[in-house]
Protein chains: 6
Amino acid sequence: MRPSDRTPELLRDVTIETGVNRYAEGSSLITFGHTKVLITASVEDRVPGFMRGRGQGWVTAEYGMLPRATHTRGRREASEGKQSGRTQEIQRLIGRSLRAIINPTLLGERQISIDCDVLQADGGTRTAAITGAWVALRQAVNYLMEEGLITTDPITDQVAAISCGIYNGTPVLDLEYEEDSNAEADANFVLTGSGDIVEIQATGEKRGFSQGEFEALFGLARKGIGELCVMQREAGARK
Amino acid sequence: MRPSDRTPELLRDVTIETGVNRYAEGSSLITFGHTKVLITASVEDRVPGFMRGRGQGWVTAEYGMLPRATHTRGRREASEGKQSGRTQEIQRLIGRSLRAIINPTLLGERQISIDCDVLQADGGTRTAAITGAWVALRQAVNYLMEEGLITTDPITDQVAAISCGIYNGTPVLDLEYEEDSNAEADANFVLTGSGDIVEIQATGEKRGFSQGEFEALFGLARKGIGELCVMQREAGARK
Amino acid sequence: MRPSDRTPELLRDVTIETGVNRYAEGSSLITFGHTKVLITASVEDRVPGFMRGRGQGWVTAEYGMLPRATHTRGRREASEGKQSGRTQEIQRLIGRSLRAIINPTLLGERQISIDCDVLQADGGTRTAAITGAWVALRQAVNYLMEEGLITTDPITDQVAAISCGIYNGTPVLDLEYEEDSNAEADANFVLTGSGDIVEIQATGEKRGFSQGEFEALFGLARKGIGELCVMQREAGARK
Amino acid sequence: MRPSDRTPELLRDVTIETGVNRYAEGSSLITFGHTKVLITASVEDRVPGFMRGRGQGWVTAEYGMLPRATHTRGRREASEGKQSGRTQEIQRLIGRSLRAIINPTLLGERQISIDCDVLQADGGTRTAAITGAWVALRQAVNYLMEEGLITTDPITDQVAAISCGIYNGTPVLDLEYEEDSNAEADANFVLTGSGDIVEIQATGEKRGFSQGEFEALFGLARKGIGELCVMQREAGARK
Amino acid sequence: MRPSDRTPELLRDVTIETGVNRYAEGSSLITFGHTKVLITASVEDRVPGFMRGRGQGWVTAEYGMLPRATHTRGRREASEGKQSGRTQEIQRLIGRSLRAIINPTLLGERQISIDCDVLQADGGTRTAAITGAWVALRQAVNYLMEEGLITTDPITDQVAAISCGIYNGTPVLDLEYEEDSNAEADANFVLTGSGDIVEIQATGEKRGFSQGEFEALFGLARKGIGELCVMQREAGARK
Amino acid sequence: MRPSDRTPELLRDVTIETGVNRYAEGSSLITFGHTKVLITASVEDRVPGFMRGRGQGWVTAEYGMLPRATHTRGRREASEGKQSGRTQEIQRLIGRSLRAIINPTLLGERQISIDCDVLQADGGTRTAAITGAWVALRQAVNYLMEEGLITTDPITDQVAAISCGIYNGTPVLDLEYEEDSNAEADANFVLTGSGDIVEIQATGEKRGFSQGEFEALFGLARKGIGELCVMQREAGARK
């Protein structure tokens, strides 16, 4: 029995709001139950040093969590003077996931910076961030095309993500915090709209887990990501 | 003529939403036109080292701005590895303003940490933060009293803040960004509900300004803060 | 009764020595009673990145305090690895105050860096630093004019500063440390030679204070700054 | 055709030397072809703050790479003043992998710190580090048991790791640098001696990849890890 | 011929002022020609962690240079966020030199922190700092004895320092900046009042140098330090 | 009697292995008894900013110690976020020592970076690093000459180093850790192949020491460095 009484293969309520920042070229506010992530996509005319002069674009991401996004207040990374290893790991994952569905040559020599800030956290913030970031990126690219700055769409596919885990011995979809912190194993899946694997991160938290268990998690993820892709298309198409 | 067609003594539309964070003991989302600040008040059982063992409480504040809160994306302070001088100056001001209306002995040996995060910035973020922070603090103290953790209300008054400035030669209330960046002088006023001065910061931006101009700004501020105090009382009293 | 037996409207003994550093283009050692601040003005041929290519100059300031400038030894900021919020707030104030009386176009594309280092602190270090910095800046600009590097004087006015406060219920001028740490309110005023406001920072330390009290402080500050301006002119004119 | 002429399912030459540090309680030098990682396991009598007082032990890991471990010299993280996101990600992975096969209660309230320093890098440094770290940990635990400090073995299983990838369209085992930097996808597998999953990290580098491809990589990893476990047992049993 | 027309074995004019800081337990301002170093000795009741509980005291030193102490303005270490390698090397040397003539048991479990801040630099700042620091330490210890906090003098000898170098092929005493930056070799000698070696740091700057040259430098240093010791005794005995 | 039963004038067993890193242009692994230092010399085509455009080369050095190189595990400087004063002091010494025997004009506008990483420490790591670094540098320069990138050898002499100290009242050569930590005085000598002084650092650890004692240490150092130079020549000449 899940804390939320969901059946194992059920997502939480997911909403994707767009146009939530009046300055950003693309933006979204994505919620998975009590998890809320605010995402902006900012178009900048320069690329990082290692990409300069190649005629190619770059997509990068940063991730942050407000100090009281969580049950107890955490320390503010800006006042600590550094980002935690966890933060860096997550923002690297978001960036890789988005670059997997961008043709950098079609983007031209410009950078799109994705900022994912967690306003409230109840598990699954990194997968929510990836799923919502695709929508913000979609809108920023729409802006570039409407402005005539690029002519061919550089987005080659959708990309979305979900977490799964083994909770009380049962594989379940879309872990909330209470499940996540007690799961025997959890896995984050990042898949394209066409079902290809972009990234899998699977971890045995309390014990190793079997290949059969892994495959059950993978199956749940496929189902969930399929549903998320429908919502992404609808949100990304909004004016 | 102001960019927003407001008359000189008019506030922008102000809204104060409460209960916007499910974990924090108090929270508010305050908007002044396009400026939006999310505030949480977190009760913690320990006080900073320099306050330990005195039987007194402490109220402190931290301030941050999301990278794309502004017209062009700014750098994330957490990845820069330090808070700017501006950020530190603002969070010190917020903390001092709130401590001015708290009786630390009645609070008991606990800390209330106020986090003010700017989701969108169009001028006046520090004064919005102070005004909204009083509401979040009010609710956190209500929580402590409802839980029976403190018996006498340690909040001795309201505190609210507004910016004023001289724009095109005219003293105006509640500067938005376009006014702020072109003002000849600006001033932030922090006053109590009973009209006492908690803090004044007045700066000639393009030229020195006269005592008469200063007094005109002070008069506008009194009017604006009076209106804000009405809204604060209404919001602070919500369940 | 003040600890020093001064009447409320009396400055401490103030001295301004010049030519105290043989390398700097301008320098001064200013004392207010036991407070001693050593100031150098260094002319540099480059401006910060955000000013480059505009044909305009820049004046900036840094502030520091020797570890044993105070009653008990403080930590050395260089070994701590960062400047405190207080230090940053003060050096930003000094820089703004000086830029208020400089015509950047007449200065030409060069920077004058003002270093204010507190050798001994007994209250009022930031206002002493501003007052002494004008003298060091005056001498550095004299040097530029004597060398024929600029032809029209870019300094448009004097600027000086003083602190006031309410001590035992009485408004008093030029707080020393013992007064400052027990004041009910204090205020720093930065005025031009012609009496315009450059900056006001007023803070209720123990309680809010009334507009009447504020005006009394302002009146004291006008008197004190008038006296400081006389001393500045004499010191700035020295060879 | 692989650069080394290996068949797809072949490991590089692997060696595990033990007793390579005269001070550490356990140590190993593991090589996979030209990749060389020096590992020490240090027993310390204190645990991190969050573990104190629980009567349980902790295993943690740090990872570093000598500046000229790679084809061109990289910057030294100690002089840079911070560890890269990649370094933090890797050392977190090593720590989690080892904690998966340790019973913390049997270890008692002490910490074993694993230091993995890459002397030379030719791909696969993180998986080599995990595989060699188990041997160093094994020897450090043997030391604790021989000294009579613990009586029941806290190591519950072996843990080893290998990378696989799709190179020129073919799934291959144990990528060296030239393969790794040109792979279409790569995956790191961390499995226990009994074949359970501890961690999977799979990434599409140039394209998404299919579930079938993923399964082929998993099969190769099982085979390779089986061979590594034989070598680990032999090395861990040495005096 | 030396830039200052001094003969090779001549010190610059040296002065040692005492009582230059009204808060510090001991203080001195030492000048060697244009080099000026302000030194305070601060008595603190706690010792560093590694010394706690031994009933012994500790003497430590910190060194800094004001940004415009030198011909061209250097960067402020506090705003840089770290002390340079040179700064750390110098402050470690000053601390070791003073600990060589202190009996830590007689000092009791307290720390004396020596702060050496260079107001103006013209070569020889580290040796001036050591020589002046002994005087500040002497006065701080006198204070402890006068207050009855310690009964037996923990200072076992004097310690003073001087630089020498080979300039235009000639061994000379007490290098000023112009000589120092063109010397073929230089050496800093730290000797006790009784002539024992506390520290020698000798460096060939442009070429290696011979043992005979080294001995000539040593002879000059003995002479100079003898003269400095006379001045130290006079200054240290002042009330 | 020395802990190792060596006579006072005897070096520990010294070995110098070359070609220990397949990527570096020069490399060596030097051992003095249980002290082991791995050294690489990396040729880079750019020089530091302050050397640019002069047509001259630069040799620099960095030094590090693996956390468990020592009897008890030390903290990793990369995770601490800074290099200790000791580390900086040592790497500055190594760089100066090597620059003393390089003609920068013959090297051409390129940098050789020397990385010295201590794998195991039993005293004398800095002197071992200098001695081994000459061999790595020798090989890197041989590479540049064989590749035809430079035509005249920029290495003007050998440079080697050894520590000596007064242990139980007796001057002894090549201190191991147990001796070093109990020595009354120690000294590091860096001499050229032709016997000139490059650097001397002599310190009284427990007491000042006499000129006669210093001369005895110098004599031992000359003998030891003579033996090291023979080994260097043999190692540097290897293919």
Side-chain angles (χ1 to χ4, degrees), chain A residues 60-63 81-97 99-101 103-104 156-160 166 184-215 217-219 221-222 225, chain D residues 60-63 81-97 99-101 103-104 156-160 166 184-215 217-219 221-222 225:
Chain A
T60 188
E62 291 192 344
Y63 170 94
K82 63 175 181 173
Q83 296 181 302
S84 71
R86 178 186 174 276
T87 291
Q88 291 193 57
E89 199 171 299
I90 292 175
Q91 64 193 12
R92 283 158 54 90
L93 170 64
I94 300 169
R96 278 200 309 274
S97 297
R99 286 193 295 274
I101 51 83
N103 178 327
T156 59
D157 202 342
Q158 287 175 254
V159 66
I166 301 174
E184 290 132 51
D186 69 24
N188 293 301
F189 292 87
V190 186
L191 303 182
T192 64
S194 52
D196 278 343
I197 299 164
V198 171
E199 186 110 8
I200 297 174
Q201 294 183 333
T203 306
E205 294 289 345
K206 298 204 167 133
R207 56 169 175 88
F209 58 110
S210 70
Q211 188 158 352
E213 288 174 315
F214 175 78
E215 284 161 5
L217 297 180
F218 202 164
R222 281 204 177 284
I225 286 175
Chain D
T60 188
E62 290 192 346
Y63 170 94
K82 63 174 181 174
Q83 295 181 302
S84 72
R86 177 185 174 275
T87 291
Q88 290 192 58
E89 199 172 299
I90 292 174
Q91 64 193 14
R92 283 158 53 90
L93 170 64
I94 300 170
R96 280 199 308 275
S97 297
R99 287 192 296 273
I101 50 84
N103 179 327
T156 60
D157 202 342
Q158 288 176 253
V159 65
I166 302 174
E184 291 132 49
D186 69 23
N188 294 301
F189 293 87
V190 185
L191 303 182
T192 63
S194 51
D196 278 343
I197 299 166
V198 171
E199 185 110 8
I200 298 175
Q201 294 183 334
T203 305
E205 293 289 346
K206 297 200 169 136
R207 57 170 176 88
F209 58 110
S210 70
Q211 188 159 353
E213 288 174 316
F214 175 79
E215 284 161 8
L217 298 180
F218 202 165
R222 283 207 176 283
I225 286 174

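All chains are named by letter (A, B, ...) in the order of the sequence lines, taking the proteins before the strands, and each is independently numbered beginning at 1.
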If you measure from [atom1] on [X] to [atom2] on [Y], what distance do you get to the nearest 0.5 Å?
X        : Y        : atom1 : atom2 : value
A:Glu199 : D:Ile200 : CD    : CD1   : 12.5 Å
A:Arg207 : D:Thr156 : CZ    : OG1   : 13.0 Å
D:Thr192 : A:Phe209 : OG1   : CZ    : 11.0 Å

Point to revise | Greatest number of heavy atom pairs closer than 4.5 Å to chain A - which of D:Gln88, D:Arg222, D:Gln201, D:Lys82 | key: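 It is D:Gln88.
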Check your understanding: Is it the backbone or the side chain of D:Ser97 that comes under 4.5 Å from a heavy atom of chain A, or both, or neither?
Key ->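 Contact with chain A involves no heavy atom of D:Ser97 at all.
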Point to revise | Contact origin within D:Glu213 toward chain A - heavy atom pairs under 4.5 Å | key: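 No part of it gets close to chain A.
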**Study point:** Heavy-atom pair with the smallest gap, counting every atom of D:Thr203 and A:Arg96
**Key:**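 The pair with the smallest heavy-atom distance is CG2-NE, 3.9 Å.
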**Study point:** Which atoms of A:Glu205 approach chain D - backbone, side chain, both or neither, heavy atom under 4.5 Å
**Key:**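 Answer is neither: A:Glu205 stays 4.5 Å or more from chain D.
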Point to revise | A:Thr87 portion near chain D, given a 4.5 angstrom heavy-atom threshold | key: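 The answer is neither part of A:Thr87.
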